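Below, each value reflects all heavy atoms present in this structure, side chains not excepted, and no hydrogens, waters or symmetry copies. Note that the coordinates shown come from a computational prediction; the quantities given were computed from them, not determined experimentally.
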Amino acid sequence: MLAPVFVLDALVSVAQAREALAAVPQGAWIVVRREHPDGSGRLLFYPVYRDDLAGLLARATEDATALGVLLDLHEHLAAPTGELADPAVRSGSFTGVVVRGGRPVAYAASEGAGGAGRAPRRTRSLDLPDSRSRTGRRTRDQPGPAPPGGSRHPRAAQVLAYPRVEVPAELAPRQTFEVQIGLSDQRQTGSDERMTLAVEPSADHLEVVIQVVADGFAAPRGIRRILMLPKDDLTSATVRVPLVAPALAGRHWRGRVEVEYSVGGVLTGRAWREVLVRDAAAPDAPPSSSGGSLPVVQPRGPIADLTVSITEGTTPGRLLWTFTSAHPLDLPDEQVTTSLKTGNARAFAQRHIQDLARTDGTQAAESRVEGVSRIIASATPVAFWTALTAVWSIAKAAKRRPTLLVVSSDAYIPWELASTEPRWVTDRTLVDRKAPQMLGAQVHLGRWTPAGPDTPSGTRVPPVAPEPAIEVARMAVVVGDYHSDSGVRPLPQAVAEGAELADTYPSVTVAGTLADLTALLNGRPTSGGDSSDVQVVHLACHGAVDRDHPAYNGIVLSDTDLRIDDVIVLGGELGSTGAPLVFLNACQLGQTTDELLGDQGGLAEAFLGVGARGFLAPLWSVDDAFARQIALDFYRYTLLEGRTVGEALRLVRGLYATVGDRTQSTPLAYAYYGHPDLRLTLAH
């Protein structure tokens, strides 16, 4: 069922909204339109009831306040949009704002969402903020509204489709077979999800880059294909990639064939199928129905110059690499692999990161850092440096630094520390010779978790692709104020850090106690104030990772021996309130831990798993005073100077230096999960 909508621009004032509302019938839908803050020009839509909006406007105290400020609109609250002609909209299975060429024409709610008479769950949190935090802000001069519900330029149509990957359910050893890849309007397996594809109005075809990742299988004709999809029939085209099953002797082996879809340099989705290889395989086996797909939301705004996907193979320490870019690069067609000498990523990181922590601040620290940097670089393939050098040259011609997104299935190896010495970056005109010769100090780098499973069962649901912009109305500053009776070393620098952040930025201070921190994680008010809607969570406290005593892993609280670990974070509702960037300025919390959730445990994955839009934490123990300065510099670079998070962290890592006979490695310790071009902007 479709309900008609009336469109209001987020920039109109409260007074103008009241006047416009008089012409809208009782009980009708209103869609509030605003431009995405990433500067891409993309429009975001927020449906509300006319009666609900009227109540908010009646309670507003300042007529000049912008409607978008009153409603406290943020990117993650926007409703899904679907073209009127989309099959999902026409079949009644779509919930969201219906558009025709970018212009809102209706609101749709499928029966599964409760019928067309109910508002989307995300808009239920809209309420009038208190006068202290919202209505007292100045707003910009209000320009005239754009054409109702539309853009001044043609926009790409959003199309939803299921990935189509067909492989035999079972194969004989050394059998040659074809992977058939395309799109479908029908679900293939029980866990399939639709991908979002953007089709430009002027294009006749949609060009999709296909890459196959199939560890254990041979790809005699390469793993990379171009899938050209006719605009009027996206499900009609197919590409085929021949593979050869591994040679086995008298045993069964279950492998996985995974396919990456990318459009315009953006990873759009993944699909995988499980295959059984055995001697008695049927020659005419049916297509595999075991597997699934997980879509990556196609982001708007800046696209990373190079996206590198790193997948762990079927044997410990084996890594498979694929490369995606919007630039015209000669990317490898063969499967690129490397192997870790330590046997697996966890052992690799535990050994070398522990060594860095033990030698920090000593005469051996500089040599230790350089050695670890070279070991990490040695674990990368030549194809990585070839692709990076190509995009680095393109960025240099544009007088900027390249952006690199590493989508890795492990949270252990600090790729940020990979050496950029002449052995790996041969063109020395590209590097900043005054900065540390390490990847994270030379390029704008972000990490993310892959949009696929970490095991063949496909049970893990990952977060969406990183967003390129967060509008910050308020941050929550959590300070671990440890007293002598707690048995935990006090952190006076952390207390000073929290106080300075609270004085500089719109914020609410949250005590590092069990009650207040769990309340924050669940989106509830705390004793320090209303912290239920924040876009940045900053924690200045102790953290611990102890493999032998997992009960003591996590954020160290001020009033109890209990820890805030990944399980508690996963049980919270933080992502459904402000979907914040989380900065844990605490020891060791950037790494995963050896507890119940295995390889995907750890606070990084936990916060991203509940919807956080970014995560930043040190991988090893850090110097308190240095950590305080890094936090202050980070927010000055991003919130006050307008730099991207990737650029801010590059500058932070540039502080690494040896003074006298001491080397302080704290600036190199920070691992960042998020878009390398993420911009944090203060809300007006």
Check whether any side-chain heavy atom of Tyr261 lies under 4.5 Å from a side-chain heavy atom of Met195, and answer yes or no. yes
Using side-chain heavy atoms (C-beta onward) and a distance below 4.5 Å, is Leu640 in contact with Tyr635? no
Salt bridge between Arg34 and Glu471, side-chain N to carboxylate O under 4.0 Å? yes
Does the side chain of His444 reach to within under 4.5 Å of the side chain of Thr644, using non-hydrogen atoms? yes
Validation row: Leu71, Val32 side chains within 4.5 angstrom (heavy atoms): yes
Between the main-chain N or O of Glu207 and the side-chain N or O of His205, is there a donor-acceptor pair closer than 3.5 Å? no
Heavy-atom closest contact (Phe615 atom, Leu608 atom, distance): CB-CD2, 4.4 Å
Name all residues meeting the side-chain hydrogen bond (donor to acceptor under 3.5 Å, both in side chains) criterion together with Thr403; count only those two or more places apart in sequence or in a different chain, and write none if there are none. Asp305
Any side-chain heavy atom of Val472 sitting closer than 4.5 Å to one from Leu639? yes
Under the side-chain hydrogen bond (donor to acceptor under 3.5 Å, both in side chains) rule, collect the residues that match up with Asp63, sequence neighbours excluded. Arg18
Would you indicate whether the side-chain heavy atoms of Tyr672 and Val645 approach each other to under 4.5 Å? yes
Taking NZ, NE, NH1 and NH2 as the nitrogens, is one of them in Glu83 or Arg100 under 4.0 Å from a carboxylate oxygen of the other? no
Is the distance between the ring centroids of Phe634 and Phe583 under 6.0 Å? yes
How far does CG of Leu678 sit from CD1 of Ile470, to the nearest 0.5 angstrom? 4.5 Å
Would you please name every residue forming a side-chain hydrogen bond (donor to acceptor under 3.5 Å, both in side chains) with Lys231, sequence neighbours left out? none
